[in-house]
Amino acid sequence: MIPRAGAIAVAGLIVAGGASGVTSRICLSPLLCADTLQSPAPAPRPASTTATVSPAELTAAIGKLGAFEYSDRARAAQVVRRAPGPMAVPALLQATGEHADGYVRYRALVLLSTYADPRVPDEMERLSTDPNDRLRAVAYAYFERHPTPSLVPQLLEAFDK
C-alpha cells in the first residue's frame, strides 16, 4: 500500500505533467501547481518545414543523395521527404531505375519505400533481382514488412544466390 503522502506526490506529479515529461517541476500538491495545467501554445513551425519544394529542387536533391558529406546527404533526403508525394514518387521511381550512381539509386529506393503508392511494390519486385546488393537488400526488407504471397517462390530461389 502506498502511504498517503506518496499518493499525493504521485498525483501531483501526474497533474503537473512531470510523469509525461512535459515539465521537470515536481509538484507535491496539485493546487500549488495549477499554472501548469494550462497547455502551452504550440511552437510555430519554421518556414522551411512548410515551404513547398519545386520540381527543380527535388531533382537537385535526389542528385545529392549520394553526396560525400553526411550533412549534404541529410539535407537532400529532408528536401525529398518534404516534397508532396505525387511529385516525389515519380522522381524517386525515375532515380531508382535510371540514375547512374548506384548509391543514389539505393538512397532513393529507401525513401521510396516509405510511400504507400501502388507503384512501390512493383518497383521493389523489379529491384529484388537487381545486381546491386544494396537495392536487393532494401527490396527484401520491404517484403518483410509487406508480405506478398505470389513472390514466395522468387524469394526462396534467391536464397541459392
Side-chain angles (χ1 to χ4, degrees), residues 10 13-26 36 38-161:
V10 170
L13 243 171
I14 293 171
V15 169
S20 64
V22 174
T23 181
S24 61
R25 191 169 111 190
I26 296 176
T36 60
Q38 307 293 329
S39 61
R45 294 178 67 176
S48 64
T49 62
T50 58
T52 59
V53 177
S54 71
E57 290 173 326
L58 180 63
T59 303
I62 288 174
K64 291 182 181 179
L65 287 174
F68 182 72
E69 292 293 325
Y70 172 77
S71 59
D72 294 340
R73 290 192 315 266
R75 272 194 300 275
Q78 190 176 43
V79 169
V80 173
R81 285 192 309 269
R82 291 192 175 144
M87 182 172 49
V89 170
L92 289 170
L93 285 168
Q94 182 179 6
T96 60
E98 300 173 7
H99 204 279
D101 187 352
Y103 190 72
V104 171
R105 292 178 65 208
Y106 158 71
R107 295 278 308 217
L109 188 61
V110 169
L111 291 171
L112 183 65
S113 70
T114 63
Y115 289 93
D117 190 275
R119 295 172 286 185
V120 172
D122 295 336
E123 186 70 4
M124 293 294 178
E125 182 179 354
R126 184 181 74 78
L127 292 173
S128 67
T129 59
D130 196 83
N132 186 330
D133 60 339
R134 286 182 174 154
L135 295 175
R136 286 194 318 267
V138 172
Y140 296 153
Y142 177 83
F143 288 122
E144 284 181 23
R145 298 276 182 179
H146 306 91
T148 306
S150 64
L151 291 178
V152 170
Q154 178 184 344
L155 294 174
L156 288 174
E157 186 178 302
F159 275 124
D160 295 334
K161 296 178 185 176

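As the structure is a prediction and not an experimental result, all values here were calculated from the model.
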Check: For L151, does its backbone N or O pair with a side-chain atom of T148 as donor and acceptor, under 3.5 Å?
Finding: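 Flag not set: sc T148 to bb L151 has no pair under 3.5 Å.
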Notebook entry, point to check: Judged by atom type as modelled, is there a donor-acceptor pair below 3.5 Å linking the side chain of Q94 to the main-chain atoms of A91?
Noted result: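 Not a single qualifying donor-acceptor pair exists.
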Between [X] and [Y], which heavy-atom pair has the shortest distance, and what is it?
X	Y	answer
A61	A76	O-CB, 3.2 Å
A88	L58	CA-CD2, 3.8 Å
S54	M87	C-SD, 4.2 Å
G63	V104	O-CG2, 4.1 Å
P86	P90	O-CD, 3.2 Å
L111	R81	CD2-CG, 3.9 Å

Taking side chain as C-beta onward, heavy atoms only, is [X] less than 4.5 Å from [Y]?
X	Y	value
S113	H146	no
R75	Y70	no
R73	K64	no
L109	Y142	no

Notebook entry, point to check: Under the side chain to side chain donor-acceptor pair (under 3.5 Å) test, which residues partner D122, sequence neighbours left out?
Noted result: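 Applying side chain to side chain donor-acceptor pair (under 3.5 Å) to D122 gives none.
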Item checked: Test of ring centre spacing under 6.0 Å for F143 and Y140 ->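 So the answer is no for these two rings.
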Margin query: For a side chain to side chain contact (heavy atoms under 4.5 Å, CB included) check, start with the C-alpha distance between L92 and Y115, then their side-chain angles and the critical distance, and finish with the verdict.
Written below: CA-CA 10 Å; L92 289 170; Y115 289 93; 3.7 Å; yes
Return all side-chain donor-acceptor pairs below 3.5 angstrom for residues 124-133, not counting sequence neighbours, or 'none' if the list is empty.
unit_1	atom_1	unit_2	atom_2	d
R126	NE	E123	OE1	3.3
R126	NH2	E123	OE2	2.7
S128	OG	E125	O	2.7
S128	OG	Q154	NE2	2.9
T129	OG1	R126	O	3.2
D130	OD1	R105	NH2	3.2
D130	OD2	N132	N	2.9
N132	OD1	R134	N	2.9

Check: So how far is it from L112 CG to D117 CG, rounded to the nearest 0.5 Å?
Finding: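 Separation between the atoms: 7.5 Å.
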